[in-house]
Amino acid sequence: MRLSRLGLLGPVALVALTPFALRAGLTKVVGISWVAFAAMGGAAFVGERTGASTDAGRLVWGYGLASGAMITSAAVFIVPGAIGHHPKFGGFGIAFGVLAGFSAHTLGHRAMHTDLPFDHTAVELTAHSFAAGAIIGIVYGNMPSLGLLLGLAIVSHKGPAGYAAADRLRRADKPVSVLLLPAAGVGITALPASLLTLPSSDPVNAVVFGFAAGVFLHVAMDFLPRCELGGEVYEVAQITDDAHALLDRLRAQAVASTGLGAVAVFVAWLILRGSA
């Protein structure tokens with residue numbers, strides 16, 4: 001693996017922040033940060049070594065499980081908190097979060113057509129990781145009673161995202177190790193953000209938590225495995241003569257995987273609820 005100096009900044013910063021966060025008692029956020037790093041970094045390592053033929057089915061199952069878990073977790077663990085603070089402000093926050101996520105994602109693609117000194121894939125993933133980390137930090141910093149299940153489900157998409165990004169970088173003959181920066185990005189922003197205390201105002205908290213839920217819902221829906229011509233699954237599948245038959249099989253797997261991701265969160269919640 002060719003080492004990227006820019007990519008190495010990520011784990012160095014995460015290692016430096018971790019002791020301070022542990023001393024502040026932010027063990028949950030530290031755990032989520034390192035799981036996100038291991039998920040994306042490990043999947044990127046696998047994606048670099050898959051060879052010329054990448055398994056589209058593996059990508060569909062990765063995206064499907066992650067998106068199903070994220071949608072369920074955001075709806076169950078964050079939306080009720082936002083609505084509980086203030087139904088109307090919480091609802092507005094959710095709407096703003098979904099629209100903000102869509103806007104950032106759509107306008108961010110314009111950077112793909114500009115001449116940047118950095119790899120576009122790494123820039124987009126890094127910006128996404130920093131934003132997600134800031135939201136995770138604020139949510140956990142102000143709702144310490146939240147369990148690890150929410151955070152782990154939220155960062156579950158880091159694995160398939162790292163796998164797909166590594167495949168693209170490998171085929172473009174670019175160093176995959178640059179993905180170490182977005183892999184550590186969640187922790188780099190989540191750990192400092194968790195120290196921020198929101199005002200003791202129900203409308204403010206409702207908007208903040210609603211916005212967080214909306215952003216996570218948008219990200220989850222964006223990762224739903226869409227098996228359509230021209231999409232990422234189509235690109236990775238390297239479709240030949242049996243395009244429609246293969247995509248039909250992948251669509252069935254997409255439905256099964258997203259459902260299984262949602263059920264996994266439900267079962268985990270039942271187990272944790274019963275042991276509490």
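For the numbers below, each heavy atom of this structure counts, side chains included, while hydrogens, waters and symmetry mates do not. Sequence positions, counted from 1, serve as the residue numbers for this chain.
Linking ILVMFWY side-chain heavy atoms closer than 4.5 Å, directly or via other members, places Met143 and Val215 in a single hydrophobic cluster. Residues Val76 and Met70 share a single hydrophobic cluster, defined by chaining ILVMFWY side chains whose heavy atoms lie under 4.5 Å apart. Taking hydrophobic clusters as Ile, Leu, Val, Met, Phe, Trp and Tyr residues chained together by side-chain heavy-atom distances below 4.5 Å, Ile138 shares a cluster with Leu17. Hydrophobic clustering, with ILVMFWY side chains joined whenever heavy atoms are under 4.5 angstrom apart, groups Leu149 together with Leu152. Residues Leu8 and Val15 share a single hydrophobic cluster, defined by chaining ILVMFWY side chains whose heavy atoms lie under 4.5 Å apart.
The backbone N or O of Ser201 sits less than 3.5 Å from a side-chain atom of Asn205, completing a donor-acceptor pair. With hydrogens and angles ignored, the 3.5 Å screen pairs a side-chain donor or acceptor of Ser156 with a backbone N or O of Ala153. For the pair Asn142 (side chain) and Leu198 (backbone), a donor-acceptor distance under 3.5 Å is present. Ser129 places no side-chain N or O within 3.5 Å of a backbone atom of Gly185 that could act as its donor or acceptor partner.
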Original post:
When you look at Tyr163 and Leu59, which way does the side-chain contact (heavy atoms from CB on, under 4.5 Å) test go after all the steps?
Top reply: CA-CA 8 Å; Tyr163 177 83; Leu59 188 62; 3.9 Å; yes
**OP:** Start with the C-alpha distance between Arg251 and Val60, add both sets of side-chain angles, then the distance that settles side-chain contact (heavy atoms from CB on, under 4.5 Å), and finish with yes or no.
**Re:** CA-CA 9 Å; Arg251 289 186 185 103; Val60 166; over 6 Å; no
Subject >> CA sep, side-chain torsions, deciding dist, call: Tyr63, Arg226, side-chain contact (heavy atoms from CB on, under 4.5 Å) >> reply: CA-CA 9 Å; Tyr63 278 157; Arg226 297 174 177 85; over 6 Å; no
**OP:** Applying side-chain contact (heavy atoms from CB on, under 4.5 Å), run through Ile71 and Leu224 and close with a yes or a no.
**Re:** CA-CA 10 Å; Ile71 290 173; Leu224 285 170; 4.2 Å; yes
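Looking at every heavy atom in both residues, Pro225 comes nearest to Ser257 through CG-OG, 4.4 Å. Minimum interatomic distance between Pro80 and Ala75 (heavy atoms only, all atoms of both residues): CD-O, 3.2 Å. The minimum heavy-atom distance between Leu180 and Gly7, with the atom names listed, is CB-O, 3.3 Å. Minimum heavy-atom separation, Gly162 to Leu179: O-CD1, 3.9 Å. When all heavy atoms of Ala213 and Ala74 are compared, the closest pair comes out as O-CB, 4.3 Å.
Checked by atom type, the side-chain pair His85/Asp202 shows a donor-acceptor distance below 3.5 Å.
More than 12 non-hydrogen atoms from other residues, nucleotides or ligands lie less than 6.0 angstrom from CZ of Phe130.
Ser194 places none of its side-chain heavy atoms less than 4.5 Å from the side chain of Tyr140. In this structure, Trp61 and Leu260 have side chains that are in contact, with non-hydrogen atoms separated by less than 4.5 Å. For the pair Ile136/Phe216, a side-chain contact is recorded, criterion being any heavy-atom separation below 4.5 Å from C-beta on.
Checked against the 6.0 Å centroid threshold, Phe211 and Phe96 do not count as a close aromatic pair.
Distance check: Leu9 CG to Leu14 CG gives 12.5 Å after rounding to the nearest 0.5 Å. Rounded to the nearest 0.5 angstrom, Ser73 OG and Trp269 CH2 are separated by 12.5 Å. Leu181 CG to Thr126 OG1: the interatomic distance, rounded to the nearest 0.5 Å, is 4.0 Å. Between the CD1 atom in Ile78 and the CG atom in Leu150 there is a gap of 4.5 Å [rounded to 0.5 Å]. In this structure, CG in Leu169 is found 8.5 Å from CG in Leu125, a value given to the nearest 0.5 Å. A distance of 7.0 Å separates CZ in Phe223 from NZ in Lys158, rounded to the nearest 0.5 Å.
For the side-chain contact (heavy atoms from CB on, under 4.5 Å) with Phe77, the lone residue among Val265, Thr72, Ile154, Val139 that qualifies is Val265.
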Sequence neighbours excluded and cut-off under 3.5 Å, please list the side-chain donor-acceptor pairs for residues 19-45, or say none.
| from | atom 1 | to | atom 2 | distance (Å) |
| --- | --- | --- | --- | --- |
| Lys28 | NZ | Pro144 | O | 2.9 |
| Lys28 | NZ | Leu146 | O | 2.5 |
| Ser33 | OG | Val29 | O | 2.7 |
| Trp34 | NE1 | Thr18 | OG1 | 3.0 |

